[in-house]
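Just so we're on the same page: letters track the sequence lines, and every chain starts at 1. Scope of the values below: all heavy atoms of this structure, side chains included, with no hydrogens, waters or symmetry mates.
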Protein chains: 2
Amino acid sequence: MLNFSTSEENYIKTIFHLQNGQNTVTTNELAERLRTKPASVTDMMKKLKAKKLLHYQPYQGFRLTNEGKKVALDIIRRHRLWEFFLAEKLKFKWDEVHVVAEDLEHVSSRKLIDKLDEYLGYPKFDPHGDPIPDSLGKMENSEQVSLVELPLNKPAEVCRVVNQSEEMLELLQHKKINIGTRLEVKRKFGFDHSIEIKLRQSKRTPSEQPPFSISEQLAKNIFVNL
Amino acid sequence: MLNFSTSEENYIKTIFHLQNGQNTVTTNELAERLRTKPASVTDMMKKLKAKKLLHYQPYQGFRLTNEGKKVALDIIRRHRLWEFFLAEKLKFKWDEVHVVAEDLEHVSSRKLIDKLDEYLGYPKFDPHGDPIPDSLGKMENSEQVSLVELPLNKPAEVCRVVNQSEEMLELLQHKKINIGTRLEVKRKFGFDHSIEIKLRQSKRTPSEQPPFSISEQLAKNIFVNL
DNA sequence: TTAATTTTTTAGATTTGTCTAAAATTTAAT
DNA sequence: ATTAAATTTTAGACAAATCTAAAAAATTAA
């Protein structure tokens, strides 16, 4: 993984948090969160796009690429491990750890962080209760829910399918659903135990597709990240 | 204490090390050590002079002010505490700690460093055997030696006088020697147990003074920092 | 003590990250 | 469907830290 400036890292991390399930992040949102100006955000978005860390078309908002998400998770891992260290070992109060970790997270020695993780006993949650990504970017329940539990109109990304029945495979194939496909639930029908789903546009499916319904049985076995 | 950029801190720290007893540091020396260009050094020296961290007149070399030394000691404290932490707690090998500490030292939360110090049990030396300054900038024997042990022609700074006899007071007064006076030993005479000393020029004594001799008896009680 | 050499400084350019003000585009409202 | 309002981008400027090339000062040597 390449090396990024403190400023780039702050942008990446913040986009990751704002993105949280949502489709895209807007210029103003990001500017406000980073206490900077929209023009500065646009500049940085061009740079991060050039580095292939995010998808960005002028006026269309932005979204991290998979590579961008990996980088974000690595920064968040560093941040939360330091928070844990500060609270657990240095006896900082839990509300004091964040600001200090904001600085420490930018020290990006891989070996340092992995050894720190080991020293701390591979903690799973930071002092705020947020999950700490492991060295592969995986973390305890990254808000993984099945499609039937997903709130209406909340955009999410398919991350796991726990049933490999023929019916399921046919559905996935026919509707072009893969790991990473973004979608949302539009309606839930009680009378026939089905839910209505709408895929969100992507590079592969640039045209808007009509919503369709699937059975609760199948939906139960499809998991998404918020 | 004010806050300095990573770059400023690296300059300050490096000047402190190069200065080590010596009178002044030159532009080329500093440029070489920092792997930068002389022109960049000159630029930074102007900035640090404006911040009153060093004495500097064009073409005359530079020397940290007392304030500059305080800042340097604080950076060195941070560096060596992190080195100790990395070796002692994270089990880094002693030759791996330096590069990582180079980054960590610039995280300048006072509270972080004092709590880290406490957590580590107030260590006195880092893994390389270098002394760690305490929160007031004091450190274990910062190469304090008496004048009789000082190598010839090695510039040093008077830091302690352990004998308050009338003879001593008269000497100090007459020759205008104070804590902080810079001097070097030019010759040692065995036949009458005396040593020849030369004061170095300073703002207070801008003109070159001739060397003079003092007895080993007195010299034993005058301590200097290298 | 001049001349040659080395060291240091100045002048002007570059990169990164930021800003303001104005222009372009999208969204909302009548 | 226009117009008005909000959002986003562009253009141009600035500060920090760096560089190269040239000028100035100090040092060394003939």
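- Separating the CZ atom of Arg35(B) from the C1' atom of dT18(D) is a distance of 16 Å, rounded to the nearest angstrom.
- With sequence neighbours excluded, the residues forming a side-chain contact (heavy atoms from CB on, under 4.5 Å) with Asn153(B) are Glu184(B), Lys186(B), listed by chain and number.
- For Tyr59(A), there are no side-chain contact (heavy atoms from CB on, under 4.5 Å) partners two or more places apart in sequence or in a different chain.
- A search for side chain to side chain donor-acceptor pair (under 3.5 Å) contacts involving His98(B) returns His79(B), Glu83(B), Glu102(B), not counting sequence neighbours.
- Using a 4.0 Å cut-off on heavy atoms, none of the residues of residues 2-14 of chain B approach DNA chain C.
- For Glu96(A) and Lys111(B), the salt-bridge test passes: some basic side-chain N is under 4.0 Å from an acidic carboxylate O.
- Between the C1' atom of dT18(D) and the NZ atom of Lys37(B) lies a distance of 10 Å, rounded to the nearest Å.
- Dashed line: the shortest gap from a side-chain N or O of Thr36(B) to OP1 or OP2 of dT18(D) is not under 4.0 Å.
- With sequence neighbours left out, the ring-ring contact (aromatic ring centres under 6.0 Å, His included) criterion links Phe85(B) to Phe85(A), Trp82(B).
- For Phe212(B), the ring-ring contact (aromatic ring centres under 6.0 Å, His included) test picks out no residue, with sequence neighbours left out.
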What does the list of N/O pairs under 3.5 Å between the protein and nucleotides 4-12 of chain D look like, with a distance for each?
residue : atom : partner  : partner atom : Å
dT8(D)  : OP2  : Asn28(A) : N            : 2.8
dT8(D)  : OP2  : Asn28(A) : OD1          : 3.4
dT8(D)  : OP2  : Asn28(A) : ND2          : 3.4
dT9(D)  : OP1  : Tyr56(A) : OH           : 2.6
dT9(D)  : OP1  : Tyr59(A) : N            : 2.9
dT9(D)  : OP2  : Thr27(A) : OG1          : 3.0
dT9(D)  : OP2  : Thr42(A) : OG1          : 2.8
dT9(D)  : O4'  : Tyr59(A) : OH           : 3.4
dT10(D) : OP2  : Lys46(A) : NZ           : 2.8

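- Residues passing the side-chain contact (heavy atoms from CB on, under 4.5 Å) test with Gln60(A), sequence neighbours excluded: Gln57(A).
- Arg78(B) is linked by a salt bridge (Lys or Arg N to Asp or Glu O under 4.0 Å) to Glu9(B), Asp74(B), counting only residues two or more places apart in sequence or in another chain.
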